[in-house]
Amino acid sequence: MSFEQSKWVWMNGDVVPWGAATTHVSAHALHYGSGVFEGMRCYETSEGPAVFRIDAHLDRFYSSAEIYGLEIPYTRGELSEAVCEVIRRNDFSSCYVRPICYFGSASLNVHPRNCPVEVVILAWPWATYLGAAGLEQGVRVTVSPWRKFNSRMMPTTAKACGQYLNSILAVRDAVDRGYAEALLLDSEGNLAEGSGENIFIVRGGQLLTNDDRHSILLGITRDAVLQIARDLDYRVEIKALELDDLLSADEAFFTGTAAEVTPISEVDETPIGNGARGPVTREIQEVFFAATSGRDERYAHWLHLVDAKRGQVDGSLSLAQAFTPGLAECG
């Protein structure tokens, strides 16, 4: 992470210096994890920086907040502009963006009554979460001794702060044992997901993945990969996945905003396929990164331009914008 490059933060309606973006130690969220967040990526394109699937991320942000009784006091349009403003003020061409909404300081009763709702947006440069080398070589993962909680315990489809304690336990154990990432099983013993990623299996040219019936967060990148796979004429089956399905797979990969599309090379010393990135994973990666960089017109509607002025000449739209009306503008 490169926090030192981040100079500005959007906090409760104002852009403030990074060092001034503080909250009190008595904030309810600090003590009980009562907050929700999102992770977005902004990519460099020929039209300037563009946020990938901002609408889908904001939809999930509001949905997560509603589940936990957090009333976000800003419209989607206001938050969309705030995201763009933070990127512009920091002069980032590509970055990771973290909107967070949480209960602030007023009471430390477990019930957060009277606690104010705080909304903050941060941005910073962040390379691929599991490493650039991992994109080509794949990463080594281990099955975690910790199980993923199910929806009868907490809503697995909400992206909430306190819920990530489960992920923290899993990934720390994995790293301590020399692996890049953990793979959690659900309460029934089926595959759930990584500490912060969804999982796909490739077998016989077909893609297999699970869904919210198996204690996963429905990822925005997962959804994009499902669309890309279908556009590439791959058959996709959504079902419960057993560990044996993974160990016998031809290929496997993680998806996530931070991890993007990262191959899995081995699980607990067992190679997946030939132990390297396979051809299906490579093809999906190539289309995914073409989409995020604006090089594939089929997915132009997934990109939200940070600064429309960069795509304009003499007050008119650029050619790329003129022929891709789904390319949204911000600012």
For the residue pair [Y] / [X], report whether a side-chain donor-acceptor contact shorter than 3.5 Å exists.
X: R177; Y: T142; result: yes
X: Y234; Y: E283; result: yes
X: E118; Y: N12; result: yes
X: T255; Y: T221; result: no
X: N150; Y: S187; result: yes

Spacing of NZ belonging to K148 relative to CD belonging to E188, to within rounding of 0.5 Å | 14.5 Å

F103 CZ to Y68 OH distance, which is reported to the nearest 0.5 Å | 11.5 Å

Would you call [X]-[Y] a salt bridge at under 4.0 Å N-O?
X: R295; Y: E286; value: no
X: R88; Y: D307; value: no
X: R76; Y: D59; value: yes

Expected output: side-chain Q163 to main-chain A158 donor-acceptor under 3.5 Å =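 Checking the backbone N and O of A158 against the side chain of Q163, a donor-acceptor pair under 3.5 Å is found.
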
Donor-acceptor contact below 3.5 Å, side chain T292 vs main chain F289 =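 Here the side-chain-to-backbone pair exists.
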
Parallel, tilted or perpendicular: rings of F3 and W18 (30°, 60°) =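 Ring orientation, 0 to 90° scale: tilted.
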
Does the side chain of E269 come within less than 4.5 Å of R140's, by heavy atoms?
-> yes

Pairwise side-chain contact, S107 with H28, heavy-atom cut-off 4.5 Å (strictly under) = no

